[in-house]
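Step one of this worksheet: look at the structure below.
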Amino acid sequence: MKQRNIHIAILTHNLPGERNRRIVRQCLALEAHGYHVTVISPRVRPALRVMPGTRDTRLRSYPIPVLGSGLFTYAIEFSWSFLCVAILLFGEVLRGRAQGVQVCNPSDVYWPLAILIRATGRRWVFDHQDLCPEIYATRAGGRPNRWVYRLLQVFERLTLRTADEVVTPNRSFRDNARRHGVREDRVTIVGNGPAQAEVAGTPSNPAGEHVIAYVGVVGPQDNVEGAVLAVAELVRLRGRAGWRMVIAGDGESMPAVQKLSAEQGVADMVHFAGWLSGNQLDELLWSATVAIQPDLPTRMNQLSSMAKTADYLAHGLPIVAADLVETRCAADDAASYVPTGGPDEFAHALHTLLADPQRRARMRVVGLDRFRNALAWEHQVGRYLALWQRLLDGSAVTPIPSTPNCDPCPDPGDDITDTPRTDLVAGVVIPAHNEATVIGRCLDALRDGASDDALDITVVANGCTDATAWIARARPGVRVLELPKASKSAALNAGDAVSAAFPRIYLDADIVLEPAAARALAAALTGPGAPLAVVPRRDLDVAGRSPLVRAFYAIDRHLPAYRSGLFGRGVVAVSAAGRARFERFPDVLADDLFLDGQFHAAEKAVVEAVGARVATPRHSRELLRCLTRIRAANAQLRAADPTIRRAARLAWLRDVVLHRPWLAPASVVYVTFAVRAALAARRAEPTWQRDTSTRTLSTCCPRRGG
């Protein structure tokens, strides 16, 4: 017989309880195993007393008179919600209920209630549904107020640390909790997938029309505007006949999205369906051809498991999405991934997929398999119920079904060993500071076509506040270290300490190095009389740059220092004997110039068969900033070691212009930039910065033979 005297209260603020399908599933599971449940949430219908879709879960709701859209109004909204939730929750406590309390974020302001509730001997569970600091950073356009962001981080830590147990939707959130000091045995992963019984209907194929579906919230962080812009680009690619987009959902950005569709002239191609009932949603997704997930690769989106992803997979719907860590983890080959989430990327991916029914059929099979065997609620509910039974001393007497641990992604890197090995072609060390936009591209190219035993790859994420480490961990066979402080020299030394192979390749995260190129660099360092250090050929990419930038590099590309120097490529490879020349990388930024100073001219070489395509800054301002940083870093190194080579000040004239007089006009630009950078470097502190103007483009590509 089921015991009927254990009450659990679930608190939520960001959505009304009846619209949070994760909470509805949790209520149903708790009801089925003998618990009373009360949900405290914002009000939609004042007369509603029972959670829709449940048997008898009580709904205690409160009005939201002010919806936040700025910092001040958010503060008012959260303060009001905190007050209402506190009154309703302690009303439950005084009635003898709420032996267990579950709070769902956002926001992370309820930790004071956790302290009070736990002081009464009751249990408090935090269901971590969103990363609040990252939401704020996204809504602030990537430029959050530093103090507000830090305050939200403190609140997140307090929310995690004051809970008896933490529920997370994926491994990325679990790792975040562990970094905040939560013990691993206090974190339970419970995914966001719907139950198989929720997915009704069968596939249908309306004749002659492709439907592109978007399902979910329409808010600033969801980039639904990007989906509308992709429609405008898709019109140019394939015309207006035979397809349309349906946006099912609502949110604060809906008026702006509707206005944008009119301004782009695609109002007839985009249908706004609003919130749909369960049956209506099933009908849409079963009839759709492809789904779009336009979320941009922000830190928040990289680490979040989107509810819409599971919905799409549950209906076998092929997905077009940005290459996000947890999206790739959930969808695998059921999605087509674009690198940066630009509207043109989405449009071209959709156009390709709409024209390829065979690929869509394969993706449908993969998606249905991912859902049925890993993501469905049936694979999550056992862990959720076991958590409550453990916290409440097993007082719910109904047996909890055992469920296999069907997390869709295993922990990458679990099988990596730090034991030195002799069967590797080379070791690769990649220092990375906030390189989320490029690290995936770098690692994917490095692993392409290489066996698991060919390259020993180590990524050292240092001082990162973005998703660099998570993206790297999502790549199999990659060792990932995390350092709290941003320091390239510390990152190189940490990577050296664990790398298991020589020759050793030091690679910047924005460089795309294919396995064949890595093998060629390693081969150049082996055999009798081989050099101790090598670099690839330096190829400058100046396409699309401003005239002044192109003029500067018209001189720079011919400077003799680059013909034999180890700098300016983003790639340096050394043999074991070469690495033995020094103990550690010094605490300087000019690591490539430091390496160059360790070897005589006969001990280093350029491998002409491998070209390093170096992305130059796009505009004059970025070029000057880059040159200033390089000058300051070089001056720092030379102050510490006077033996380091100095640039020949008149090389631009003696070795370039006198042999190529047609470059005389460009030399004026070159000298102007050089002088301005030298003056600015005297006042600048050497800091690890990089040219962000090229960070979203695939312009750095070393490859064999050109």
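- Between R60 and R58 the shortest side-chain heavy-atom distance falls below 4.5 Å.
- Side chains of L353 and P318 form a contact here, defined as non-hydrogen atoms less than 4.5 Å apart.
- We find the SG-CD1 distance between C84 and I40 to be 10.5 Å, quoted to the nearest 0.5 Å.
- Within the 4.5 Å cutoff, the side chain of E134 has no heavy atoms near those of the L303 side chain.
- By the 4.5 Å heavy-atom criterion applied to side chains, I319 and V290 are not counted as neighbours.
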Carefully, step by step, assess Q26 and Q102 under the rule side chain to side chain contact (heavy atoms under 4.5 Å, CB included).
CA-CA 11 Å; Q26 292 171 345; Q102 173 182 309; 2.7 Å; yes
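- The shortest heavy-atom contact between A137 and Y149 is CB-CE1, 4.0 Å.
- E435 has its side chain out of reach of V459: every pair of non-hydrogen atoms, C-beta onward, lies at least 4.5 Å apart.
- When all heavy atoms are compared, the tightest approach of P194 to D311 is CG-OD1, 3.7 Å.
- Using modelled atom types, no side-chain atom of Q153 and backbone atom of P133 make a donor-acceptor pair closer than 3.5 Å.
- Two residues are said to be in side-chain contact when any heavy atoms from C-beta on lie closer than 4.5 Å; C104 and F126 fail this criterion.
- Looking at S261, its side chain does come within 3.5 Å of a backbone N or O of Q258 through a donor-acceptor pair.
- Taken to the nearest 0.5 Å, the NE2 atom of H128 stands 13.5 Å off from the CD1 atom of I189.
- Between the CD1 atom of I212 and the CG atom of L350 there is a distance of 4.5 Å, given to the nearest 0.5 Å.
- Side-chain atoms of E345 come within 3.5 Å of backbone atoms of G341 as a donor-acceptor pair (strictly under, hydrogens ignored).
- Remark: side-chain polar atoms of T159 are paired, donor with acceptor, to backbone N or O of D108 under 3.5 angstrom.
- Side-chain contact between F346 and L229 is absent, with no heavy atoms from C-beta onward closer than 4.5 Å.
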R441 and D323: CA distance, side-chain angles, deciding distance, salt bridge (charged side-chain N to carboxylate O under 4.0 Å, His left out) verdict
CA-CA 10 Å; R441 180 184 64 192; D323 193 359; over 6 Å; no
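- Within a 6.0 Å radius of CZ in R179, more than 12 heavy atoms belonging to other residues, nucleotides or ligands are found.
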Might you work through the side chain to side chain contact (heavy atoms under 4.5 Å, CB included) test for Y312 and Y214, ending with a clear yes or no?
CA-CA 9 Å; Y312 296 153; Y214 172 83; 4.0 Å; yes
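- Atom CG in L131 sits 8.0 Å away from atom CE in M300 (nearest 0.5 Å).
- Panel note: side chain R545, backbone A543; a donor-acceptor pair is recorded below 3.5 Å.
- With hydrogens and angles ignored, the 3.5 Å screen pairs no side-chain donor or acceptor of Y384 with any backbone N or O of V167.
- Partner T289 forms a side-chain hydrogen bond (donor to acceptor under 3.5 Å, both in side chains) with one of H210, R360, E209 and no other, that one being H210.
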Would V215 and L281 satisfy side chain to side chain contact (heavy atoms under 4.5 Å, CB included), going step by step from the backbone distance to the final call?
CA-CA 8 Å; V215 172; L281 181 65; 3.5 Å; yes
For a side chain to side chain contact (heavy atoms under 4.5 Å, CB included) check, start with the C-alpha distance between L59 and V50, then their side-chain angles and the critical distance, and finish with the verdict.
CA-CA 5 Å; L59 181 62; V50 177; over 6 Å; no
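- A side-chain donor-acceptor contact under 3.5 Å links R157 to the backbone of H180.
- The number of heavy-atom neighbours closer than 6.0 Å to CD of Q264, taken from other residues, nucleotides and ligands shown, is above 12.
- When all heavy atoms of R370 and A330 are compared, the pair lying nearest together is NE-O, 3.0 Å.
- Here L313 contributes atom CG and M363 contributes atom CE; the two are 9.5 Å apart, rounded to the nearest 0.5 Å.
- In terms of heavy-atom proximity, R25 sits nearest to W377 at CB-CE2, 3.8 Å.
- Not one N or O on the side chain of T57 forms a donor-acceptor pair closer than 3.5 Å with the backbone of T38.
- At distances below 3.5 Å, not a single donor-acceptor pair connects side-chain atoms of R244 with backbone N or O atoms of R240.
- Of the possible donor and acceptor atoms, one in the side chain of E378 sits under 3.5 Å from a partner among the backbone N and O of Q196.
- Side chains of M306 and L324 form a contact here, defined as non-hydrogen atoms less than 4.5 Å apart.
- Closest non-hydrogen pair, H13 versus S107, comes out as CD2-N, 4.2 Å.
- Just one of D222, N223, T309, N301 meets the side-chain hydrogen bond (donor to acceptor under 3.5 Å, both in side chains) condition when paired with Q293; it is T309.
- Across all non-hydrogen atoms, the minimal contact from A29 to V381 is CB-CG2, 3.5 Å.
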Test log, rule side chain to side chain donor-acceptor pair (under 3.5 Å), inputs N192 and S305:
CA-CA 7 Å; N192 276 333; S305 294; 5.3 Å; no
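- Note: D356 CG to H351 NE2 = 11.5 Å, rounded to the nearest 0.5 Å.
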